[in-house]
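Structure record follows, encoded as structure tokens.
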Amino acid sequence: MGMMPPEDAVDYLFEVSDAVDVPVVVRSTGKLRRPSEARWKSVVDPWPAGGQLPGDGLYLATTTWRQILQAATGVGRDLAPWLRKTPWLAVNEFIARVAPLQAYLYMKDVAGPNHAAGRRLFVSAVYQHGTERSAHSAFGYHLGMTMAQWACVGMSGLGSTRHIEAGGPNGNQGFLDASLRLPDLWGTHPSPRLPWLVEAKAGRHLGEGRLKDGKVQLNGGSDLMIVPHRQVLCGTSLPHRKRWEDDYLFMTIDTTSITPPPPDGGSAIPPLGPPPDGAEDHIAEDVEALLAVARSQLMAYQAIAFGAVEDLRLIPVSRARSARLRHRTGSLTPVEHDEPTREIRRRLRSDSVTGEAALRAHGDASDFIAARLPGIGLHLGMSRRLFAACAALHQAQSEMPVNELVFLPDFVRPHHGVDDEEREEYSRATRRAYYVEEEERGFRLRADVRHGFAQADARSWSDLLSGRQVEVSTEDPEESGLLEGTTAETYLAIEHSEPVLANARERR
């Protein structure tokens with residue numbers, strides 16, 4: 001018999017159509033073996049609430065597909081050095097991050113405890129029979145990074161992550177050395193205020209060898225750290241080739257707390273980070289939190305402002321952010337469960353509100369911008385003030401006087417006939433030059449982002465969107481054909497026809 005839901009079972013989304021369960025094994029023992037099938041298939045305890053990585057144990061994390069896709073959109077190589085000049089290509093990068101998940105995964109019913117969704121993620125026949133080994137490897141990279149972001153940011157309260165190629169915590173330029181074996185990502189957890197180094201691994205029947213390799217990369221990052229921090233090794237295991245129809249996706253999370261010795265025999269350096277409760281809740285008073293969130297949403301801004309997007313519109317969202325439910329399913333609050341937002345939309349429909357001015361006259365409503373990304377049916381958006389902050393960040397980056405052909409030595413300039421390794425070295429050198437320049441302009445960059453954020457309410461959406469006009473959408477979630485989710489400053493929606501969900505419905 002499955003365990004009964006806890007007293008605060010409102011946090012569990014029994015009826016949400018994209019709810020899905022992910023078994024997660026959390027360990028701090030240092031034993032990096034693949035858990036036995038009997039262990040990871042017997043998980044029944046729910047993922048605890050609270051925005052923290054739980055202690056050692058086996059957990060059945062109930063989440064939503066939209067939360068997983070939010071993780072996919074927010075993780076990967078930082079493209080700022082190139083998108084500052086070609087921002088419309090942000091749409092292409094989002095397609096590259098999301099489409100593999102839609103192509104190779106599907107949901108299927110799996111019996112579980114009463115508090116669970118009763119669906120889990122499997123690889124599809126397209127993945128099993130329609131792809132070559134190289135495609136499996138590429139998918140493993142996307143899936144591993146996505147699930148690490150989901151586990152750390154979406155479920156455990158870590159602030160937004162940055163790819164390690166962009167430099168380490170607190171502007172540590174040592175992480176720009178491409179010759180070192182380093183982890184994939186870093187972020188800062190608000191409580192306690194500790195940097196996390198995150199390495200993602202994924203593959204069929206992920207075992208001890210790959211996990212130990214990830215630990216080596218984490219140790220390489222720790223060698224560059226001078227402040228207390230946490231290592232987090234996220235392993236996403238896909239089924240063995242012969243079990244692909246019976247085994248489902250599960251994760252291992254191996255974590256280690258590290259306290260480096262004080263440099264030069266001095267006193268210990270205290271941990272750093274944004275204020276408690278998460279970066280988005282403090283962007284009005286903390287410029288570092290604002291910059292971190294603006295960086296994490298910069299590609300979404302570039303897609304909306306410059307890309308070939310569809311269905312550009314204003315989304316009314318309740319200002320009562322502090323009253324929103326903090327779900328165990330992740331950082332996104334499904335709009336189906338955001339009653340203040342639904343009530344605002346009902347009133348706006350009753351008043352026939354379609355324009356920006358009328359919407360802004362309703363003091364309890366925030367006006368988010370949103371747009372549909374073609375090809376993947378994903379809708380992304382953000383608040384007015386975050387959009388303005390991202391616009392300022394993009395402008396500041398586009399005006400940076402970095403010219404890689406001047407800064408880079410001749411031997412790494414691309415030319416006809418170069419091989420892939422030479423091109424990769426050129427790309428690395430370009431990134432290094434860019435990030436060094438950006439770090440040197442950090443004070444001006446922060447001032448520009450703060451100014452853009454502060455001036456947002458004085459600007460119209462037409463001004464922010466270079467003259468484009470947008471209307472208000474007040475549809476109810478049950479009628480819109482969308483499954484919507486919000487954080488304090490961002491918006492994401494998926495369509496009921498989303499491939500992974502459609503496959504699940506067809507199998508029932």
Side-chain angles (χ1 to χ4, degrees), residues 10-20 62-74 94 98 101-102 107 117 150 153-154 280 297 300-301 303-304 309-321 323-349 353-354 359 362 364-374 376-384 386-387 470-502 504-505:
V10 67
D11 278 348
Y12 290 92
L13 307 186
F14 302 99
E15 76 285 5
V16 172
S17 58
D18 66 331
V20 64
T62 299
T63 188
T64 58
W65 181 239
R66 68 195 101 165
Q67 181 73 66
I68 292 174
L69 291 189
Q70 186 199 42
T73 64
F94 280 125
V98 171
L101 304 178
Q102 295 174 327
M107 290 185 190
W150 166 79
V153 177
E280 283 191 32
Q297 295 302 312
Y301 159 78
I304 294 169
V309 295
E310 304 165 342
D311 194 17
L312 187 66
R313 64 204 187 276
L314 297 184
I315 301 291
V317 177
S318 170
R319 290 186 183 274
R321 296 185 177 94
R324 291 185 189 168
L325 296 174
R326 300 284 185 173
H327 288 288
R328 282 186 174 85
T329 53
S331 59
L332 275 177
T333 296
V335 171
E336 303 97 304
H337 286 244
D338 188 353
E339 188 54 38
T341 289
R342 299 187 69 176
E343 175 57 30
I344 285 171
R345 293 184 184 180
R346 282 191 286 267
R347 286 193 281 107
L348 292 174
R349 285 197 299 272
V353 170
T354 59
L359 172 58
H362 286 254
D364 55 352
S366 292
D367 48 337
F368 281 35
I369 191 75
R372 181 182 187 271
L373 304 184
I376 52 176
L378 190 70
H379 299 246
L380 295 180
M382 66 188 73
S383 69
R384 171 194 296 269
L386 180 54
F387 189 89
V470 285
E471 293 189 352
V472 179
S473 173
T474 60
E475 286 185 294
D476 187 273
E478 295 177 358
E479 301 173 358
S480 66
L482 297 178
L483 298 172
E484 302 174 273
T486 60
T487 67
E489 303 292 338
T490 70
Y491 171 90
L492 180 143
I494 61 176
E495 299 171 358
H496 283 286
S497 58
E498 213 279 351
V500 173
L501 305 185
R505 286 193 294 272

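Position 1 is the first residue of the sequence, and the numbers go up from there. Keep in mind it's a predicted model, so treat the numbers as computed, not measured.
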If only atom types and distance count, is the side chain of [X] paired as donor or acceptor with the main-chain N or O of [Y] below 3.5 Å?
{"X": "Asp367", "Y": "Leu314", "answer": "no"}
{"X": "Glu498", "Y": "Val500", "answer": "yes"}
{"X": "Glu280", "Y": "Ala488", "answer": "yes"}
{"X": "Gln67", "Y": "Leu332", "answer": "yes"}

Compare all side-chain heavy atoms of [X] with those of [Y] and state whether any distance is below 4.5 angstrom.
{"X": "Trp65", "Y": "Leu483", "value": "no"}
{"X": "Thr474", "Y": "Val353", "value": "no"}
{"X": "Leu69", "Y": "Leu378", "value": "yes"}

Please name all residues satisfying side-chain hydrogen bond (donor to acceptor under 3.5 Å, both in side chains) with [X], sequence neighbours left out, ordered by chain then number.
{"X": "Glu339", "answer": "Arg346"}
{"X": "Arg349", "answer": "none"}
{"X": "Gln297", "answer": "none"}

All side-chain contact (heavy atoms from CB on, under 4.5 Å) counterparts of Ala370, not counting sequence neighbours
Arg313, Ile315, Tyr491
Please enumerate all residues that pass side-chain contact (heavy atoms from CB on, under 4.5 Å) together with Ala365, with sequence neighbours excluded.
Ile344, Leu359, His362
For [X], salt bridge (Lys or Arg N to Asp or Glu O under 4.0 Å) partners two or more places apart:
{"X": "Arg345", "value": "Glu484"}
{"X": "Glu310", "value": "Arg372"}
{"X": "Glu475", "value": "none"}

Closest non-hydrogen atom pair between [X] and [Y], with its separation:
{"X": "Val335", "Y": "Gly485", "result": "CG2-N, 4.2 Å"}
{"X": "Gly381", "Y": "Ile304", "result": "CA-CD1, 4.1 Å"}
{"X": "Ala19", "Y": "Met107", "result": "O-SD, 4.2 Å"}
{"X": "Ala371", "Y": "Leu312", "result": "CB-CD1, 3.8 Å"}
{"X": "Pro316", "Y": "Val472", "result": "CG-CG1, 3.8 Å"}
{"X": "Ala300", "Y": "Phe94", "result": "N-CZ, 3.5 Å"}

How long is the straight-line distance from [atom2] of [Y] back to [atom1] of [X], given to the nearest 0.5 Å?
{"X": "Ser17", "Y": "Ile494", "atom1": "OG", "atom2": "CD1", "answer": "7.0 Å"}
{"X": "Thr73", "Y": "Arg66", "atom1": "OG1", "atom2": "CZ", "answer": "14.0 Å"}
{"X": "Leu373", "Y": "Asp311", "atom1": "CG", "atom2": "CG", "answer": "11.0 Å"}
{"X": "Phe368", "Y": "Met382", "atom1": "CZ", "atom2": "CE", "answer": "10.0 Å"}
{"X": "Ile68", "Y": "Leu101", "atom1": "CD1", "atom2": "CG", "answer": "8.5 Å"}

Working for side chain to side chain contact (heavy atoms under 4.5 Å, CB included), residues Asp364 and Arg347:
CA-CA 11 Å; Asp364 55 352; Arg347 286 193 281 107; 2.4 Å; yes
Go through the side-chain N and O atoms of Thr354 and Glu471 and say whether any donor and acceptor fall under 3.5 Å apart.
no
Could you list the residues that satisfy ring-ring contact (aromatic ring centres under 6.0 Å, His included) with Phe387, not counting sequence neighbours?
Tyr301, Trp461
